[in-house]
Q: 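Before I ask anything, let me first share the structure, which is written out below as structure tokens.
Please read these numbers as outputs of a predicted model, since none were measured by experiment.
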2 protein chains.
Amino acid sequence: MKVSNLAKALNTTADTVRYYTKIGLLHPQKSQLNGYMFYNAQQQQRLSFILTARHLGFSVKDITNIFHETDNNHTGCKLVRDIIKQRLVEVEQQFLDAQALMKLMKQAIGEWDHLPDKTPTSQSICHLMDSFSAIQSEINPAKSLTETLKSTKANLTETDNNGEMHENK
Amino acid sequence: MKVSNLAKALNTTADTVRYYTKIGLLHPQKSQLNGYMFYNAQQQQRLSFILTARHLGFSVKDITNIFHETDNNHTGCKLVRDIIKQRLVEVEQQFLDAQALMKLMKQAIGEWDHLPDKTPTSQSICHLMDSFSAIQSEINPAKSLTETLKSTKANLTETDNNGEMHENK
DNA sequence: ATAAACCTAAGTGTAACACCTAGGTCAACA
DNA sequence: TGTTGACCTAGGTGTTACACTTAGGTTTAT
């Protein structure tokens with residue numbers, strides 16, 4: 001079938017199908033007459049796999065690797081299992097992050113509902129700044145967790161209590 | 001303080017600070033002598049707000065809007081409250097999605113652990129394809145939920161049981 | 001004096017597509 | 001048969017929020 005047909009059948013877009021084709025994940029047959037691309041049942045199954053994998057959080061690169069394995073007569077099972085296990089850790093973190101965020105946001109909304117709407121503080125962003133500052137101390141560690149792997153050592157310069165830095169000049 | 005100092009103090013990168021400066025979220029003082037940018041306490045607080053907001057899932061555009069309000073003598077409270085409430089819905093969905101994914105992935109890993117590693121099926125991607133196909137029916141609705149807003153009507157062409165499409169030609 | 005460490009602006013790269021352009025194709029209707 | 005409208009192609013640009021690179025000037029420390 002043609003590109004839009006396939007796209008609609010698997011609930012995606014023609015552009016996406018073309019993209020996967022372009023980067024070599026799908027191998028349609030190209031008509032000699034008009035250049036149209038035709039996808040058979042096997043390609044449909046391939047796309048189905050891609051879409052599901054993408055939804056599970058696999059990157060396109062991951063999928064490329066998997067296909068590279070399986071297209072070369074390997075099963076790819078171990079690879080996929082490894083990637084999934086890795087992804088599972090990330091998803092669990094996302095779960096926790098989302099949970100924490102929900103709590104904080106509900107809390108913030110709750111607090112604000114008790115405050116009048118138009119009482120600007122010295123810093124002009126009313127109490128938002130204050131609320132956000134309070135939240136930030138709870139938020140940042142969470143962020144650190146997620147990005148610990150790639151973060152270089154923090155190496156913070158010490159601050160005084162005015163939040164002003166010592167410009168050792 | 002200078003860009004790297006500020007970045008380290010708030011646990012971000014100099015590039016990020018330069019980016020926010022470039023798009024007008026931060027307004028440092030530029031030295032006449034050497035062109036170096038200097039950020040005072042107020043700018044530091046601004047950046048702190050930006051980082052926290054970003055971590056709460058606000059887009060840079062959202063933050064731009066908020067600053068646009070607050071910089072024009074409005075409090076921005078209502079705007080922020082609205083955006084947060086809107087974001088809360090998304091975060092709740094992320095929470096549910098992550099939960100569902102965790103379940104499915106654990107399930108998949110569990111199943112595969114009972115199967116041998118190298119038993120290719122007819123489709124060459126061993127049982128991955130089968131497992132994924134089974135998962136997909138559960139996954140796709142979740143995706144639809146997330147993307148319902150922007151998805152045009154599905155308008156699926158009917159498929160026969162071979163997964164082959166009728167090419168009404 | 002010179003190296004290490006910092007700074008600048010401007011440009012390119014990233015992920016995974018979405019959207020647009022210009023032009024060819026196909027099915028149906030008048 | 002002409003023409004509309006829906007489809008297709010390749011190739012290009014736009015998107016988000018930065019990270020990275022380049023080329024060159026500056027500051028700091030030894």
Q: OP1 or OP2 of C:dA18 sitting under 4.0 Å from any side-chain N/O of A:T13?
A: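 Yes, such a contact exists.
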Q: Checking all strands, does A:K22 fall into the base, sugar-phosphate, or nothing category for heavy-atom contacts under 4.0 angstrom?
A: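 No contact.
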Q: Taking atom P of D:dG25 as reference, at what distance in whole Å does atom OH of B:Y36 sit?
A: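 Checked: the OH to P distance equals 12 Å.
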Q: Which whole-number value in Å describes the distance from A:K61 NZ to C:dG13 P?
A: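 Rounding to the nearest Å, NZ of A:K61 and P of C:dG13 are 15 Å apart.
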Q: Using a heavy-atom cut-off of 4.0 Å across all strands, would you classify B:D15 as base, sugar-phosphate, or nothing?
A: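 Answer is base: heavy atoms of B:D15 come under 4.0 Å of a base.
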Q: Judged by atom type as modelled, is there a donor-acceptor pair below 3.5 Å linking the side chain of B:T52 to the main-chain atoms of B:S48?
A: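 Yes; judged by distance alone, with no hydrogens or angles, the pair exists.
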Q: Output the single nucleotide from D:dC8, D:dA17, C:dC17 whose closest atom is nearest the side chain of A:V3.
A: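 The answer is D:dC8.
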Q: Counting only side-chain nitrogens and oxygens, does B:T16 get under 4.0 Å of the OP1 or OP2 atom of D:dA17?
A: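 No, outside the criterion.
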Q: What contact category does A:R18 fall into here, base, sugar-phosphate, or nothing, at under 4.0 angstrom with non-hydrogen atoms?
A: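 Answer is base: heavy atoms of A:R18 come under 4.0 Å of a base.
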Q: Under 4.0 Å from OP1 or OP2 of D:dG25: is there any side-chain N or O of B:N34 that close?
A: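 For D:dG25, neither OP1 nor OP2 has a side-chain N or O of B:N34 closer than 4.0 Å.
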Q: Write down the distance between OH (A:Y19) and C1' (D:dG12), rounded to a whole number of angstrom.
A: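 Going from OH in A:Y19 over to C1' in D:dG12 covers 15 Å.
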Q: May I ask you to decide whether B:K85 forms a salt bridge with B:D82, counting only side-chain N to carboxylate O separations under 4.0 Å?
A: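 Looking at B:D82 together with B:K85, the answer is no, because their closest N to O distance does not fall below 4.0 Å.
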Q: Assign the ring pair A:F95 / B:F95 to parallel, tilted or perpendicular, where the plane angle (0 to 90°) is split at 30° and 60°.
A: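 A:F95 vs B:F95 ring planes: parallel.
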Q: Could you tell me how far apart B:L33 (CG) and D:dT27 (P) are, to the nearest whole angstrom?
A: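 Roughly 7 Å, once rounded to whole Å.
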Q: Counting only heavy atoms not in A:Q29 (residues, nucleotides, ligands), do more than 12 fall under 6.0 Å from its CD?
A: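 Counting other residues, nucleotides and ligands, CD of A:Q29 stays at 12 neighbours or fewer.
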Q: Is the phosphate of C:dC17 approached by A:Y20 (side-chain N or O, under 4.0 Å from OP1 or OP2)?
A: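 Indeed, a polar side-chain atom of A:Y20 lies that close.
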Q: At less than 4.0 Å, is any side-chain N or O atom of B:K2 found next to OP1 or OP2 of D:dT28? Yes or no.
A: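 Checking D:dT28 against B:K2, no side-chain N or O comes under 4.0 Å of OP1 or OP2.
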Q: For D:dC8, does OP1 or OP2 lie under 4.0 Å from any side-chain N or O of A:S4?
A: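 Yes, because at least one side-chain N or O of A:S4 sits under 4.0 Å from OP1 or OP2 of D:dC8.
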Q: In whole angstroms, how far is the P atom of D:dT15 from the CD1 atom of B:I23?
A: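 From B:I23 CD1 to D:dT15 P: 14 Å.
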Q: Send over the distance from B:L6 CG to C:dT8 P, rounded to a whole Å.
A: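 The answer, rounded to whole Å, is 11 Å.
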Q: Would a distance-only check, ignoring hydrogens and angles, find a side-chain to backbone donor-acceptor pair under 3.5 Å from A:R46 to A:L25?
A: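 Indeed, once roles are kept as given, a pair shorter than 3.5 Å links the two residues.
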Q: Write down the distance between CG (A:N11) and P (C:dC17), rounded to a whole number of angstrom.
A: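 Atom CG in A:N11 sits about 14 Å away from atom P in C:dC17.
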